[in-house]
Amino acid sequence: MKENVQEIEPYLGDGIVYHADKCLPLVDAAKRNKIKSKMLARHTYPGERLDDNTLGLNSIGYWDAHEPQDWGLDWHRNEGIEFHFLESGSMPYAQENKEVVLKPNYLTITRPWEAHKVGNPYVGMGKFYWVILDLGVRRPHQEWQWPEWVTLTPEDLNRLTTILRQNEQSILKTNKEVRNCFINIGKAVDTDEAGSNASKIRLLVNYLLILILDLVDTDDVVLNESLTESSRSVHFFLKELENSLAENWTIEQMSQSAGVGVTRFTYHCKQLTNVTPMRYLMLRRLEMSKRMLLEDDAKTITEIAYQCGFTTSQYFSSVFKKHEQCTPNEYRMKHLEPVL
């Protein structure tokens with residue numbers, strides 16, 4: 001595999017910068033000849049560079065593993081909608097709260113806001129394809145914008161968009177047409193030289209979207225408009241906030257990251273948590289500090305304060321005492337002292 005990753009400006013949406021996943025474990029496995037892989041990509045995704053004829057296609061490729069693997073792709077999100085397909089073998093896969101072992105001929109659909117991982121902790125032996133299309137969105141309530149070269153009729157594209165936005169189904173059993181489409185995608189990626197197969201790739205991705213529409217547009221498909229409401233975007237942000245409590249958040253930055261205005265963000269936050277956004281942030285920081293006080297007694301109060309997002313240890317101690325009726329040190333001593 002030729003690795004040629006360029007540092008291209010990351011996606012900027014609603015005032016937030018989104019960085020592409022660099023898939024470093026996959027790149028390393030290819031370097032060590034653990035797998036055979038070929039990828040075409042843009043931004044900081046690994047692989048040979050896609051040209052302007054496929055703008056909106058962020059990454060396309062496959063890996064082929066013929067021996068046990070010692071790596072996996074941990075929890076991450078993508079800068080677009082991703083379609084995975086397993087041609088052969090088996091693959092531990094998790095998406096949001098669902099963990100499965102993928103079998104041959106299964107397709108997964110991952111929206112931009114859905115966390116997923118491949119491997120538990122290691123990927124299995126098998127041949128695995130993917131296509132990532134940037135739709136210009138990062139949150140559930142935002143309107144999708146397909147690449148200009150997607151040629152489905154407006155009616156078909158609208159139907160596909162509606163089903164993918166308003167239905168949470170993520171794993172589908174496919175057919176030989178889907179299998180053959182991905183095999184042909186792999187061949188087109190393999191033989192591409194500096195964009196020489198751009199027309200083939202565009203054609204195959206369009207055909208894949210038609211096949212996916214046939215799979216999902218069934219008589220028993222259940223649509224739920226609430227999945228596209230802005231409250232869901234705020235809910236996803238509040239879940240993600242647990243991993244970035246140390247950042248110097250303002251309510252404006254929080255609302256931007258959720259992709260909604262300050263007023264709407266505040267409303268939805270109070271509906272979901274019963275408190276204002278800044279109070280919710282403070283309460284989560286306090287909960288984090290309490291865990292750290294008990295789990296790592298080598299850390300100083302100042303270190304814990306900064307790691308939990310408090311600007312000074314004095315402010316941390318003042319807020320902590322107000323809520324817990326004791327200082328951080330007293331809390332630590334009280335809960336760590338041996339029981340007689």
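Proximity of a side-chain donor or acceptor of S257 to a complementary backbone N or O of Q253 within less than 3.5 Å is not detected. Remark: the backbone N or O of V189 is paired with a side-chain donor or acceptor of K38 at under 3.5 angstrom. Between the side chain of N206 and the backbone N or O of R202 there is at least one donor-acceptor pair closer than 3.5 Å. Although no hydrogens or angles enter the test, the distance criterion places no donor-acceptor pair under 3.5 Å between the side chain of N274 and the main chain of K270. Proximity of a side-chain donor or acceptor of S196 to a complementary backbone N or O of D192 within less than 3.5 Å is not detected. Between the side chain of N180 and the main chain of K176, a donor-acceptor pair closer than 3.5 Å is present. At least one donor-acceptor pair under 3.5 Å links the side chain of N175 to the backbone N or O of V178. Formation of a donor-acceptor pair under 3.5 Å by the S318 side chain with backbone atoms of Q314 is not found in this model. At least one donor-acceptor pair closer than 3.5 Å links the side chain of R285 to the backbone N or O of C308. Remark: side-chain polar atoms of E303 are paired, donor with acceptor, to backbone N or O of T300 under 3.5 angstrom.
T110 and N78 are not linked by any side-chain donor-acceptor pair at a separation below 3.5 angstrom, with hydrogens and angles left out of the test. A donor atom on one side chain and an acceptor atom on the other are found under 3.5 Å apart for S233 and H141. E177 and Y207 form no side-chain donor-acceptor contact under 3.5 Å, judged by distance and modelled atom types alone. Checking H43 against D134 by side-chain atom types alone, no donor-acceptor pair falls below 3.5 Å. With no hydrogens or angles considered, a side-chain donor-acceptor pair links T218 and D220 at under 3.5 Å. For the residue pair T54/W149, the side-chain donor-acceptor check at 3.5 Å is not satisfied. Checking N105 against T174 by side-chain atom types alone, no donor-acceptor pair falls below 3.5 Å. E99 and Y93 share no donor-acceptor pair across their side chains, judged by distance under 3.5 Å alone. A donor-acceptor pair shorter than 3.5 Å cannot be found between the side chains of S289 and Y331. Residues D74 and H76 bring no donor and acceptor atom of their side chains to less than 3.5 Å of each other.
Environment of OH in Y267: sparse, with no more than 12 heavy atoms of neighbouring residues, nucleotides or ligands closer than 6.0 Å. Heavy-atom contacts from other residues, nucleotides or ligands closer than 6.0 Å to CD of E193 number 12 or fewer. By the 6.0 Å contact criterion, NZ on K117 is enclosed, its count of non-hydrogen atoms from other residues, nucleotides or ligands being greater than 12. Within a 6.0 Å sphere centred on CD of E155, other residues, nucleotides and ligands contribute 12 heavy atoms or fewer.
Rounded to the nearest 0.5 Å, atoms NE2 (H335) and CG (D297) are 14.5 Å apart. Put simply, CG on N184 and CG on D190 are 12.0 Å apart, with the number rounded to the nearest 0.5 Å. One distance of note links CG of L272 with CZ of R232; it measures 12.5 Å at 0.5 Å rounding. Rounding to the nearest 0.5 Å places CH2 of W63 at 8.0 Å from OG of S37. Within the model, atoms CD of E242 and CZ of R284 stand 4.0 Å from one another, a figure rounded to the nearest 0.5 Å. Between atom CG of residue L86 and atom CE of residue M91 there is a gap of 5.0 Å, rounded to the nearest 0.5 Å.
Using a cutoff of 4.0 Å between basic side-chain nitrogens and carboxylate oxygens, E240 and R77 are scored as salt-bridged. Using a cutoff of 4.0 Å between basic side-chain nitrogens and carboxylate oxygens, E79 and R111 are not scored as salt-bridged.
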message: Applying side-chain contact (heavy atoms from CB on, under 4.5 Å) to R332 and I304, what does each step give before you reach the verdict?
response: CA-CA 12 Å; R332 173 181 270 170; I304 291 174; 3.4 Å; yes
- request: Give the intermediate values and the outcome of salt bridge (charged side-chain N to carboxylate O under 4.0 Å, His left out) for residues D217 and R159.
  value: CA-CA 8 Å; D217 195 8; R159 182 62 177 165; 3.0 Å; yes
message: Please evaluate residues D296 and K299 with respect to the criterion salt bridge (charged side-chain N to carboxylate O under 4.0 Å, His left out), reporting the C-alpha separation (whole Å), side-chain torsions for both, the decisive distance (0.1 Å), and the verdict.
response: CA-CA 6 Å; D296 193 347; K299 274 189 168 51; 3.1 Å; yes
- request: List the steps, then state whether side-chain contact (heavy atoms from CB on, under 4.5 Å) holds for M278 with M254.
  value: CA-CA 9 Å; M278 298 310 293; M254 289 164 57; 4.1 Å; yes
message: Would I201 and I60 count as a side-chain contact (heavy atoms from CB on, under 4.5 Å) here? Give the steps.
response: CA-CA 9 Å; I201 290 171; I60 186 169; 3.9 Å; yes
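What you find for R42 and G56 is that their closest heavy atoms are NH1-N, 4.0 Å. Between R179 and F85 the shortest heavy-atom distance is CA-CZ, 3.7 Å. Closest heavy-atom contact between E324 and K290: OE2-NZ, 3.2 Å. In plain terms, the two heavy atoms of E114 and I109 that are nearest each other are OE1-O, 3.8 Å. Nearest heavy atoms, P140 versus R165: O-NH2, 3.1 Å. In terms of heavy-atom proximity, Q69 sits nearest to V123 at CB-O, 3.5 Å.
With ring centers used as reference points, Y106 lies 6.0 Å or more from H84. Separation of the W249 and F237 ring centroids falls under the 6.0 Å cut-off.
Taken together through direct or relayed side-chain contacts under 4.5 Å among Ile, Leu, Val, Met, Phe, Trp and Tyr, L102 and L73 form part of one hydrophobic cluster.
The aromatic rings of Y129 and F182 sit tilted relative to each other, their planes meeting at an angle between 30° and 60°. By the 30° and 60° cut-offs, the orientation of the rings of F316 relative to F320 is perpendicular.
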